[in-house]
Amino acid sequence: AAAAYSTPTAYASGGPSFGIPPTPTAKPSGAASSGTKGTGPHQGTLKSLSDKNGYGFIDCEETWAQYQRDVYVGQKELPEGAKVLDRLKFTVSVNSKGHPKAEKVSILSSGG
């Protein structure tokens with residue numbers, strides 16, 4: 001019966017949230033969680049594109065200042081015909097790791 005009290009790690013894997021203050025129902029606007037509302041629109045240049053995997057990265061000074069990294073753009077968000085050096089317009093959401101990810105991407109002008 002004493003074993004129930006000797007396993008404090010049990011709570012770390014999804015057990016009761018003792019010691020964690022209750023949180024209000026509204027999340028703060030800066031919360032970095034999956035599904036965070038997008039910011040933008042932003043403009044940037046398609047910096048790289050993986051032919052093998054279909055994703056790329058967008059170079060944008062505005063988002064770099066906020067996240068210190070390029071913006072990931074997945075294959076399904078990338079407009080058809082997009083090429084490296086194209087100018088893109090996009091909004092940004094944050095993935096589960098807190099990294100920026102492009103959404104609602106469109107081509108502004110061809111850079112190639």
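Numbering starts at 1 and runs along the sequence shown. All values below come from the heavy atoms of this structure, side chains included, with hydrogens, waters and symmetry mates left out.
Placement of Trp64 and Leu46 in two distinct hydrophobic clusters is found when ILVMFWY residues are connected by side-chain heavy-atom separations under 4.5 Å, directly or transitively.
Taking CD of Gln68 as the start and NE2 of His99 as the end, the distance is 11.0 Å to the nearest 0.5 Å. If you take CG on Leu78 and CD1 on Ile107, they are separated by 7.5 Å, rounding to the nearest 0.5 Å.
Shortest non-hydrogen contact noted between Ser50 and Asn53 is OG-N, 2.9 Å. In terms of heavy atoms, Ser106 sits closest to Pro79 at CA-CG, 3.9 Å.
Members clustered with Tyr55: Phe57, Tyr72, by chain and number, using a 4.5 Å side-chain heavy-atom cutoff among hydrophobic residues. Leu108 belongs to no hydrophobic cluster with other residues, because no ILVMFWY side-chain heavy atom falls under 4.5 Å from its own, directly or through intermediates.
Taking Thr63 as the reference, nothing meets the side-chain hydrogen bond (donor to acceptor under 3.5 Å, both in side chains) condition, with sequence neighbours excluded. Glu62 pairs by the side-chain hydrogen bond (donor to acceptor under 3.5 Å, both in side chains) definition with His42, not counting sequence neighbours. Remark: Lys47 engages Asp59, Asp70 in a side-chain contact (heavy atoms from CB on, under 4.5 Å) (not counting sequence neighbours). Residues passing the side-chain contact (heavy atoms from CB on, under 4.5 Å) test with Pro41, sequence neighbours excluded: Lys89.
Not one N or O on the side chain of Thr91 forms a donor-acceptor pair closer than 3.5 Å with the backbone of Gly40.
Annotation: side chain of Val73 is not in contact with side chain of Phe90 (no heavy-atom distance under 4.5 Å).
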